[in-house]
Amino acid sequence: MRLGINLGYWGAGMDADNLAVAQEADRLGYAVCWAAEAYGSDAPTVLAYVAAKTERIDIGSAILQIPARQPAMTAMTAATLDSLSGGRFRLGLGVSGPQVSEGWYGVKFDKPLARTREYVEIVRRAMSRERLSFEGEHWTLPLPGGPGKPLKLTVHPERPHIPLYIAAIGPKNLEQTGEIADGALLIFPAAAHLEETALKPIRAGREKAGKTMEGFDVVPTVPLATGDDIEALADTFRPYTALYVGGMGSREQNFYNRLAQRMGYEKEAAEIQDKYLAGDKNGAAAAVPHRLIDSTTLLGSVDRIADGMRAYAEAGVTTLTLAPAGFTLDERVAALRAGAEALERAGVA
């Protein structure tokens, strides 16, 4: 198992700190540095900056939002970042959610699985530098009856195959991800539930494509915090968990709430959502069970974190992405170093 670092979103006065965290992860031998986007900082700009300031660590988009870009534009971006970074780019894609897709990008959030499948196919064709033509339900290239003609990417990526990941939560999306992608980006992963909530549908997708799990990268993001008081450390993640389980999406379309239910928290997930959507964010955070937080984070001493890493590796995780907690750069760097030390103690590197 390898380690990654998730910088989250750029900005909010933490730009210098984020760069320093990425550089320390590079020095410590972390495998990949991921950057996110929603409706603030964009991932490609951040990743280009990080690539220019680091030497060995891969850079990855977690995620480039599918409704934000035409697939050919994503292929151009991926090829450019791979070239500029010397072959260190990993392309992570995702459909985002209905609020962002329709509210920010003005793109209807419908048939996300079919759209993702077509999008990935077009991106792969474009990155392979074949002349681009495609006829599907959602994209047709070139447009019929006009002056457009099949074009070929002029940029040469550093590698013939850029690894492609999909952020997936639901069973159908996970199965399709196993079928068409090189890796899966997961969130709120509990090692004890990983087989049922993620790996089983991914494996089904791999089998559908005539493939095994060999070479497929299972990449959950896990918050990390060091210290002696486990209850207090868990409490720092209550607002984060409540936001996703209770407020990320509508009552009808909250993928994270459904995931919590699949992990056995049906009653608790409903209570968190009811309170969050009613405006009681503090009540929603208080309703998050401690065991849900503790099972989806790495908390405590280096030895306790090492135990958690060992459990993730045994469950099938191949790249464990850490989101180190801390209000200061020193705290985040200390957590980053603790993560590297814990991996060594766990004996699963």
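Numbers here simply count residues along the sequence, with the first being 1.
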K.L.:
Could you pull out the closest heavy-atom pair between Ala269 and Asn257, with the gap in Å?
P.N.:
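Scanning both residues, the minimum pair turns out to be O-ND2, 3.0 Å.
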K.L.:
Would you call Glu179 and Arg117 a salt bridge, using N to O less than 4.0 angstrom?
P.N.:
yes
K.L.:
So, taking the atom named CG in Asp82 and the one named CE in Met127, what distance separates them when rounded to the nearest 0.5 Å?
P.N.:
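Atom-to-atom, Asp82:CG and Met127:CE are 9.0 Å apart.
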K.L.:
In this structure, are over 12 heavy atoms from other groups packed under 6.0 Å from Met1 atom CE?
P.N.:
yes
K.L.:
Are any of the side-chain nitrogens in Arg27 or Glu24 under 4.0 Å away from the carboxylate oxygens of its partner?
P.N.:
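Counted as a salt bridge, because a side-chain N and a carboxylate O are separated by less than 4.0 Å.
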K.L.:
If you compare all heavy atoms of Gly316 against all heavy atoms of Leu199, which two are closest, and at what distance to 0.1 Å?
P.N.:
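Heavy atoms of Gly316 and Leu199 come nearest at CA-CD1, 4.1 Å.
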K.L.:
Closer than 4.0 angstrom, basic N to acidic O: yes or no for Asp182 and Arg90?
P.N.:
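Salt bridge between Asp182 and Arg90, a charged N being under 4.0 Å from a carboxylate O: no.
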K.L.:
Is the closest basic N to carboxylate O distance between Glu271 and Lys275 below 4.0 Å?
P.N.:
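Yes, charged N to carboxylate O under 4.0 Å.
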K.L.:
Are Ile169 and Ile187 packed together at the side-chain level, in the sense that at least one heavy-atom pair is separated by less than 4.5 angstrom?
P.N.:
yes
K.L.:
Rounded to the nearest 0.5 Å, how far does CZ of Arg304 lie from CE of Met309?
P.N.:
13.0 Å
K.L.:
Any salt bridge between Glu130 and Arg124, counting N to O under 4.0 Å?
P.N.:
no
K.L.:
List the atom of Gly4, the atom of Thr319, and the distance in Å for their closest heavy-atom pair.
P.N.:
N-CG2, 4.2 Å
K.L.:
Could you tell me whether Glu196 and Arg262 have a side-chain N and a carboxylate O separated by less than 4.0 Å?
P.N.:
no
K.L.:
Return the set of residues passing ring-ring contact (aromatic ring centres under 6.0 Å, His included) with Tyr256 (not counting sequence neighbours), or none when no residue passes.
P.N.:
Tyr244
K.L.:
Check Pro289 against Ile272 and note the closest heavy-atom contact, atom names and distance.
P.N.:
CD-CD1, 4.3 Å
K.L.:
May I ask you to decide if the ring planes of Trp34 and Tyr165 are parallel, tilted or perpendicular, using 30° and 60° as cut-offs?
P.N.:
perpendicular
K.L.:
Can you find a pair of side-chain heavy atoms, one from Thr116 and one from Ile66, that are under 4.5 Å apart?
P.N.:
yes
K.L.:
So which heavy atom on Pro163 is nearest to which on Phe89, and how close?
P.N.:
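For Pro163 versus Phe89, the nearest heavy atoms are CD-O, 3.8 Å.
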K.L.:
Atom OG1 in Thr236, atom CG in Leu299: separation rounded to 0.5 Å?
P.N.:
7.0 Å
K.L.:
Under a 4.0 Å threshold between the charged nitrogen and the carboxylate oxygen, would Asp307 count as salt-bridged to Arg310?
P.N.:
yes
K.L.:
Could you give me the CA-CA distance, side-chain angles and deciding distance for Glu121 and Arg125, then say whether salt bridge (charged side-chain N to carboxylate O under 4.0 Å, His left out) is met?
P.N.:
CA-CA 6 Å; Glu121 178 62 25; Arg125 290 188 190 185; 2.8 Å; yes
K.L.:
If you count the non-hydrogen atoms of other residues, nucleotides and ligands that lie under 6.0 Å from CD in Glu331, is the total more than 12?
P.N.:
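Count over threshold, so yes.
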K.L.:
Table please: side-chain donor-acceptor pairs of residues 48-56 below 3.5 Å, with sequence neighbours left out.
P.N.:
{"residue": "Thr54", "atom": "OG1", "partner": "Val50", "partner atom": "O", "Å": "2.8"}
{"residue": "Thr54", "atom": "OG1", "partner": "Arg88", "partner atom": "NH1", "Å": "3.1"}
{"residue": "Arg56", "atom": "NH2", "partner": "Asp26", "partner atom": "O", "Å": "3.1"}

K.L.:
Is the closest basic N to carboxylate O distance between Arg345 and Glu341 below 4.0 Å?
P.N.:
yes
K.L.:
For Asp228, look at atom CG and say whether over 12 heavy atoms of other residues, nucleotides or ligands are found less than 6.0 Å away.
P.N.:
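No - once you tally the heavy atoms of other residues, nucleotides and ligands closer than 6.0 Å, there are 12 at most.
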K.L.:
Start with the C-alpha gap between Arg69 and Glu37, add the side-chain angles, then the distance that decides, and say whether salt bridge (charged side-chain N to carboxylate O under 4.0 Å, His left out) holds.
P.N.:
CA-CA 13 Å; Arg69 299 170 183 85; Glu37 65 180 21; 2.8 Å; yes
K.L.:
Indicate if Met76 and Leu132 have the same hydrophobic cluster label, given that clusters are the connected sets of ILVMFWY residues with side-chain heavy-atom separations under 4.5 angstrom.
P.N.:
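Cluster IDs for Met76 and Leu132 differ.
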K.L.:
Report the distance from atom CD of Glu175 to atom NZ of Lys208, rounding to the nearest 0.5 Å.
P.N.:
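The CD atom of Glu175 sits 4.0 Å away from the NZ atom of Lys208.
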K.L.:
May I ask you to say whether Arg291 pairs ionically with Asp294, meaning some side-chain N is under 4.0 Å from a carboxylate O?
P.N.:
no
K.L.:
In Å and rounded to the nearest 0.5 Å, what is the CD1 to CG distance from Ile305 to Leu224?
P.N.:
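Nearest 0.5 Å value for the CD1-CG distance: 4.0 Å.
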K.L.:
Looking only at heavy atoms, what is the nearest atom pair of Pro324 and Arg332, with distance?
P.N.:
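That closest heavy-atom pairing would be CB-O, 3.8 Å.
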